[in-house]
2 protein chains.
Amino acid sequence: MQERLRPRPNRERSDATRAALVAAARALFVEKGYAGTSTPEIVAAAGVTRGALYHHFEDKRALFRAVANQEAIAVADAIETAAAADSPAGDAMLAGSVAYLEAMTVPGRTRLLLTDGPAVLGAAEVSDLDDANAARTLREGLEAAAAESGASDLPIQALVVLLSAAFDRAAIAIEAGGNPAEFKAAMQQLIRAATIA
Amino acid sequence: MQERLRPRPNRERSDATRAALVAAARALFVEKGYAGTSTPEIVAAAGVTRGALYHHFEDKRALFRAVANQEAIAVADAIETAAAADSPAGDAMLAGSVAYLEAMTVPGRTRLLLTDGPAVLGAAEVSDLDDANAARTLREGLEAAAAESGASDLPIQALVVLLSAAFDRAAIAIEAGGNPAEFKAAMQQLIRAATIA
DNA sequence: ATAAACATACAGGCGGCATGCATGCAAGAA
DNA sequence: TTCTTGCATGCATGCCGCCTGTATGTTTAT
């Protein structure tokens, strides 16, 4: 059987304008928020017209979704890379935690993923986007730590969700000018203590 | 000296339409979100015209602010009441925690205060609104518990912020159908653990 | 009469869609 | 091989309905 029946004419150009739109949208969404950014602004910054935007994306939300997706993938990659280096579950969890907080210091990520994201896409969708990836490392680490300490009846699933929220808030606090070391220490305290019977 | 130089003609009627607008807006904001709700819809539901809305509120955001404010006050009252009954700091904190989670089960509060609020008003303003009130009980409890257990060098301020975030997420999870008992247990675990040296 | 409380009318802008044009790819004919 | 025909993709332009905020007019209470 032949693959690529229709080889997509002009794929490069298409990808280029898509990327330009996503990049321009990202900058404006970060600067002025989703609601405060108009599609004319976006296409002007990208050097195209609104026709191109609505050719590539179903609507303004879909464009935001693409931006958020890109950001979430970058964060997940950072965690994956940092966690994979340390094989013991406990160390991997710690490394992943620090990696998450540092990945979220990239300007705009907190606004995109934690502030505008839930309101625009709904909390559920942005959870599937961000948490599902980032929380995996956390859960594995918690399960390992719980098994080690012999605490078997912990509500691990719930703890993962709540600790994820604490992570998010720590990222926001750090970007708002909070002392990173202080919040990292507080997160360590919470994680370590979460698995104590 | 005379007070009330201008006696505010028709204060009752004014308050009534204000209340009607806030109530109608609350219902629609909860049902369709802030962005998905138009001012024509709101005034139609309230039985007035847009003129009345813009007479009482500077803009649509100000109306949302009034709604969120009302909600935050109700939550704070619930916590205050529950916490005041138990005078020992530890008990007060526990009672306040449960009170918070139950107050947030009132339909729409999570969306208003935790999802749309930060995006519409900014994370900072909604923090001053909600957290400042709710977090006070939490901080006093943590300080008392830390003093009791002899752990003096805990980053209490940071822990309060992070635990508040966990509370918020617990409220969201519970409204989304999560098991309340499980999340309450997980929160207890986190709080108890936060003060362990 | 005077000022508040509201209603009405208007202006600017935005989001989404439909239409139109241009460019490239594929395949058959010469 | 080259040319040309057919067609889908990529994108620009114009339009429509709606919404927000304001300015102006009208009623009502004091």
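None of the values given here were measured: they were computed from a predicted structure. Residue numbers start from 1 in every chain, and the chains themselves are labelled A, B, ... in the order their sequence lines are given, proteins ahead of strands. No hydrogens, no waters, no symmetry mates; every other heavy atom, side chains included, goes into these values.
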Open item on the list: Counting only side-chain heavy atoms from C-beta out, which of D/dA12, D/dG10, C/dC6 sits nearest to B/H55?
Closed with: C/dC6
Would you tabulate the side-chain donor-acceptor contacts of residues 16-24 of chain A under 3.5 Å, counting partners in other chains and residues two or more places apart, or write 'none'?
{"residue": "A/T17", "atom": "OG1", "partner": "A/S14", "partner atom": "O", "Å": "3.0"}
{"residue": "A/T17", "atom": "OG1", "partner": "A/H56", "partner atom": "NE2", "Å": "3.1"}
{"residue": "A/R18", "atom": "NH1", "partner": "A/H56", "partner atom": "O", "Å": "3.4"}

TODO: Can you tell me which residue pairs pass the side chain to side chain donor-acceptor pair (under 3.5 Å) test with a partner in residues 60-70 of chain B, sequence neighbours excluded?
DONE: B/R65-B/E125
Dump the pairs, protein N or O against N or O of nucleotides 14-17 of chain C, anything under 3.5 Å, distances to one decimal.
{"residue": "C/dG15", "atom": "OP1", "partner": "A/T39", "partner atom": "N", "Å": "3.4"}
{"residue": "C/dG15", "atom": "OP1", "partner": "A/K60", "partner atom": "NZ", "Å": "3.2"}
{"residue": "C/dG15", "atom": "OP2", "partner": "A/T39", "partner atom": "N", "Å": "3.0"}
{"residue": "C/dG15", "atom": "OP2", "partner": "A/T39", "partner atom": "OG1", "Å": "2.5"}
{"residue": "C/dG15", "atom": "N7", "partner": "A/R50", "partner atom": "NH2", "Å": "3.4"}
{"residue": "C/dG16", "atom": "OP2", "partner": "A/Y54", "partner atom": "OH", "Å": "2.5"}
{"residue": "C/dG16", "atom": "OP2", "partner": "A/K60", "partner atom": "N", "Å": "3.2"}
{"residue": "C/dG16", "atom": "N7", "partner": "A/R50", "partner atom": "NH2", "Å": "2.5"}
{"residue": "C/dG16", "atom": "O6", "partner": "A/R50", "partner atom": "NH2", "Å": "2.4"}

- [ ] For A/A25, check side-chain contact (heavy atoms from CB on, under 4.5 Å) against everything at least two apart and list the hits.
- [x] A/F29, A/I42, A/L63, A/V67
TODO: Check the pair A/M187 / A/S97 against side chain to side chain contact (heavy atoms under 4.5 Å, CB included), numbers first and verdict last.
DONE: CA-CA 8 Å; A/M187 279 309 308; A/S97 303; over 6 Å; no
Could you pull out every donor-acceptor pair under 3.5 Å between side chains of residues 108-124 of chain B and any protein atom, sequence neighbours left out?
{"residue": "B/R109", "atom": "NE", "partner": "B/E71", "partner atom": "OE2", "Å": "2.9"}
{"residue": "B/R109", "atom": "NH1", "partner": "B/A103", "partner atom": "O", "Å": "2.8"}
{"residue": "B/T110", "atom": "OG1", "partner": "B/E175", "partner atom": "OE1", "Å": "2.2"}
{"residue": "B/R111", "atom": "NH1", "partner": "B/V30", "partner atom": "O", "Å": "3.2"}
{"residue": "B/D116", "atom": "OD2", "partner": "B/Y34", "partner atom": "N", "Å": "3.0"}

Open item on the list: Just to verify, what does B/E143 make a side-chain contact (heavy atoms from CB on, under 4.5 Å) with, not counting sequence neighbours?
Closed with: B/R139, B/I156
Open item on the list: Can you tell me if B/S14 touches the phosphate of C/dA5, counting only side-chain N or O atoms and a distance under 4.0 Å to OP1 or OP2?
Closed with: yes
Open item on the list: Test of understanding: with ring-ring contact (aromatic ring centres under 6.0 Å, His included), list the residues that count as partners of B/Y100, not counting sequence neighbours.
Closed with: B/F167
Task: Test item: side-chain donor near acceptor, A/E41 and A/S38, under 3.5 Å - done: yes
Open item on the list: Contact list please: residues 115-123 of chain B against DNA chain C, heavy atoms, distance less than 4.0 Å, in numerical order.
Closed with: none
- [ ] Rounded off to whole Å, could you give me the CG-to-C1' distance for the B/L21 and C/dA5 pair?
- [x] 12 Å
Open item on the list: Does D/dC11 have its OP1 or OP2 closer than 4.0 Å to a side-chain nitrogen or oxygen of A/T17?
Closed with: yes
TODO: Report the distance from atom CD of B/E12 to atom P of D/dA29, rounded to the nearest whole Å.
DONE: 11 Å
TODO: Calculate the interatomic distance between B/F57 atom CZ and D/dT22 atom P; express it in whole Å.
DONE: 16 Å
Open item on the list: Below the 4.0 Å mark, does C/dC6 have OP1 or OP2 next to a side-chain nitrogen or oxygen of B/H56?
Closed with: yes
- [ ] Please write out which residues are connected to A/V106 in a hydrophobic cluster, directly or through intermediates, given that two of Ile, Leu, Val, Met, Phe, Trp, Tyr count as joined at side-chain heavy-atom separations below 4.5 angstrom.
- [x] none
Task: Integer-rounded Å distance: D/dC19 P and B/L63 CG - done: 16 Å
